[in-house]
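What follows is one structure encoded as structure tokens, with my remarks underneath.
By convention in this document, chain letters (A, B, ...) are assigned in the order of the sequence lines, proteins followed by strands, and residues within each chain are numbered from 1.
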Protein chains: 2
Amino acid sequence: MQDAPSSPVARQQSVRLVVERLLRDRSVSRAEIARSTGLSKQTISEVMRDLERDGWVHEDGQIQGSVGRSAVTYALRPDAAFVLGIDLGGTKLHIALADLHGEIVAESIEPTSGDGGAAVVAQIERMKDALLQHASVSAQRLRGGVMGSPGMVDPASGSIVIAPNIPGLDSLDVRAALRERLGIDITIENDVNLAAIGEHWRGNSRRARSFAFIAVGTGIGMGIFSDGYLVRGARGAAGEIAYLPLGGDPYDARGLRFGTLETAIGSAGIVERYLGLGGSPGSTVRDVFDRLEIEEAARITIDEISRILTTAILAVHSILDSEIIILGGSIGARPELKLRIDEHLGRCMREPVRIELSALGNRATLIGAIGSAIDLVHRSQFGIGRDAGPLALPAAAADVAA
Amino acid sequence: MQDAPSSPVARQQSVRLVVERLLRDRSVSRAEIARSTGLSKQTISEVMRDLERDGWVHEDGQIQGSVGRSAVTYALRPDAAFVLGIDLGGTKLHIALADLHGEIVAESIEPTSGDGGAAVVAQIERMKDALLQHASVSAQRLRGGVMGSPGMVDPASGSIVIAPNIPGLDSLDVRAALRERLGIDITIENDVNLAAIGEHWRGNSRRARSFAFIAVGTGIGMGIFSDGYLVRGARGAAGEIAYLPLGGDPYDARGLRFGTLETAIGSAGIVERYLGLGGSPGSTVRDVFDRLEIEEAARITIDEISRILTTAILAVHSILDSEIIILGGSIGARPELKLRIDEHLGRCMREPVRIELSALGNRATLIGAIGSAIDLVHRSQFGIGRDAGPLALPAAAADVAA
DNA sequence: CCAATTTGTAAATATCCCGAACAAATCACC
DNA sequence: GGTGATTTGTTCGGGATATTTACAAATTGG
């Protein structure tokens with residue numbers, strides 16, 4: 001069933017407690033860790049000695065001022081390992097190299113190769129090498145990576161099941177190919193889920209254990225956190241709210257194919273609605289928003305979109321009881337929408353749920369991928385099982401200061 | 001932060017592995033446990049000796065037939081402890097006393113006392129005493145209990161926030177009162193959530209790690225499992241699908257108060273719809289179902305209800321990606337509904353989600369409460385933290401046989 | 001400069017787990 | 001019916017880890 005606890009059964013527990021404490025507060029003395037974990041001082045000293053020997057922590061400073069001997073504080077070394085965050089979009093491929101604090105040391109964007117799965121894998125390898133060289137990081141210190149991709153990712157195998165926009169990616173075993181070409185494990189995850197992780201780590205839902213991230217752009221998707229854990233669903237399709245039966249007839253053939261909600265308020269649906277109201281032909285969604293103040297068709301379009309999105313939020317909230325709902329994506333993050341949604345929510349909920357705009361914008365997936373990769377490194381490095389609790393991520397600098 | 005691991009840090013790990021193995025297969029030999037856990041034979045023997053000394057396990061039989069010495073098998077003693085499952089409804093109070101296998105040794109139903117919270121607590125105490133006496137179980141062996149109640153339960157404090165139907169229950173600190181009167185901890189949980197746990201343990205979603213249990217009766221509610229864990233939401237209101245914006249105008253004042261979906265397809269809504277279609281005055285929901293084959297108004301009513309419920313299922317599934325959706329409650333469990341829903345789903349989903357009727361009927365909450373209580377006893381007894389994994393419950397007899 | 005307090009180390013002890021050797025029980029096969 | 005192979009379960013010694021107690025070192029306040 002599980003692998004044999006070879007020798008260090010209890011030690012891993014201790015190491016884990018120490019590391020978790022160091023993640024919570026960036027710099028802590030050994031005595032303080034002993035107090036807060038309940039372990040003895042020697043155990044902490046010994047664990048810390050091992051961690052320092054292996055390069056995971058270093059002395060960080062001293063605490064003076066209070067009575068008694070001054071304490072030496074230790075902190076996790078951000079440069080102990082590096083990870084790769086990859087945001088694989090239909091048009092752009094965005095890769096960043098980051099340290100264990102999540103500090104990005106190098107990043108680059110290229111148009112996604114149009115020559116299919118194998119070419120994309122080769123492109124990723126090339127970009128990775130360039131980033132390592134640019135940041136002067138040796139390949140050994142690269143310890144993991146996470147890639148976000150649109151479409152469905154099978155929770156069991158971790159391989160892409162359906163990948164729109166990138167031909168030949170779902171037929172290829174991308175994970176195996178990446179492991180072979182890059183020499184490290186790359187975990188694949190739905191891009192919206194990663195964006196939710198990003199917002200949870202560095203964005204506007206930092207302290208919320210239950211929240212939803214709704215991305216509205218070309219398509220519509222949602223990432224769900226419940227009690228600190230990502231909700232993936234049986235087939236990895238949780239949060240596919242494109243198929244919510246709102247904003248149209250769920251028995252309509254088009255809704256069946258692309259999703260009723262997405263048909264109504266995806267980019268295509270918005271433009272179509274705008275044209276139906278007499279808007280100028282050839283307009284984009286951006287144009288509609290630009291003419292919001294000056295054109296009746298644009299105003300009505302956005303009003304209707306907001307109203308439908310509000311019912312979607314109502315549906316999501318009644319099922320998940322989120323603490324916060326974050327709106328993101330090129331359309332969803334527009335403040336004009338939030339304004340109208342807040343107003344509508346006030347009229348159909350007794351205690352309207354808190355709505356926030358994405359703090360990370362189009363970098364949410366990338367940052368979530370980095371955070372997720374850091375978490376995986378921590379887990380694999382310190383023997384933390386998957387049930388050992390929510391994400392083990394360093395607090396953002398703002399949180400430490402607070 | 002956490003309590004000090006006094007002495008048995010590693011031992012608890014071993015104990016937990018052994019107990020989990022015994023939960024999975026009811027009767028196992030020590031050698032087999034050693035193999036499957038990776039622990040050494042001596043460790044298993046020692047752990048087992050302690051468990052037997054404390055009365056948690058006993059020798060159960062022998063394995064013969066294969067070459068080699070025959071093995072003594074051990075099993076958890078079902079009578080090592082007993083738990084109380086309580087289903088507190090607006091009209092009926094249903095209590096059962098069960099052993100650690102979930103075998104009910106005594107149960108009783110009474111009308112819920114109408115004299116408010118304190119009277120209900122007294123009633124529960126009286127019924128508990130009677131059950132203990134009837135089953136000849138000493139009070140010391142009663143180790144815990146779980147109570148299901150309609151309304152919202154705060155996930156943090158475990159106290160009832162909103163309790164419809166039972167006056168004065170939300171103002172009282174029920175949990176403290178029960179602890180004082182009964183001498184044991186009674187955990188309170190939403191009744192539909194417990195019904196979902198019941199179905200997960202003994203019902204139709206036994207092997208599903210992600211599923212939803214939808215109860216349609218006087219009111220409408222849902223219990224959610226994601227990846228083996230119950231989803232409670234930020235305020236314990238997850239699954240309150242009464243407020244789904246389906247089947248009516250979400251901006252309507254009545255929907256705002258009772259929930260749009262519940263207004264449409266709760267008992268009151270069904271009867272109202274039936275009358276609106278020219279049905280006979282004074283009818284109940286039961287009457288409507290009875291006249292389904294012989295009266296046009298009844299047929300149309302049920303058809304429309306099914307259609308709305310189908311869109312609700314579609315909404316739930318698009319958000320949660322459940323493996324199975326279980327229908328329960330006095331109305332939801334009617335096969336006439338499932339028939340129609342299956343048909344409708346086929347026309348609005350490309351891969352219709354699997355729908356099953358509740359296997360436990362109106363006992364689902366009670367059984368879920370028992371299962372949940374057994375899980376809590378296991379956790380508190382064997383030092384299993386809350387993040388140690390999904391429910392630690394004995395397999396149902398049918399599963400063991402299979 | 002001394003007392004109080006806190007940090008960190010050292011030594012001794014207890015606990016727990018593992019590996020190997022070994023006794024016991026059982027089956028297969030001659 | 002006897003013998004060997006196989007599996008079970010125990011005993012014993014060794015190693016790793018954590019805890020307790022004692023103590024040295026450092027720092028603040030008077």
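Atom CD1 of I63(B) and atom P of dT26(C) are 13 Å apart (whole Å). We find that CD of Q62(A) is positioned 7 Å from P of dT27(D), with the value rounded to whole Å. In this structure, R30(A) places its CZ atom 13 Å from C1' of dA26(D), rounding to the nearest Å. Residue I33(B) contributes atom CD1, which lies 13 Å from atom C1' of dT8(D) at whole-angstrom precision. Atom pair Q42(A):CD and dT7(C):C1' shows a separation of 11 Å (rounding to whole Å applied). One can place CD of Q64(B) at 19 Å from P of dA24(C), the figure rounded to the nearest angstrom.
Listed nucleotides: dA25(D), dT7(D), dT10(D). Nearest to the side chain of K41(B): dT10(D). Here the side chain of S40(A) is nearest to one of dG8(C), dA18(D), dG9(D), namely dA18(D). Between dA26(D), dA18(D), dG9(D), one nucleotide has an atom nearer to the side chain of S14(A) than all others, and that is dA18(D). Taking only side-chain atoms of R11(B), from C-beta outward, the nucleotide of dA25(C), dC27(C), dC17(C) with the closest atom is dC17(C).
A heavy atom closer than 4.0 Å to some atom of DNA chain C occurs in S45(A), these being the qualifying members of residues 43-59 of chain A.
The residue among V72(B) and G68(A) whose nearest nucleotide of DNA chain D lies closer to the 5′ end is V72(B).
Each end of the helix from dC1(C)-dG30(D) to dC30(C)-dG1(D) gets its own axis, taken as the rotation carrying the C1' atoms of four end pairs onto the next four within a five-pair window, and the two axes meet at 10° to the nearest 10 degrees.
Residues T37(A) and R21(A) have side chains that never bring a donor and an acceptor to within less than 3.5 angstrom of each other.
Between the side chain of R69(B) and the base of dT7(D), no donor-acceptor pair under 3.5 Å is found.
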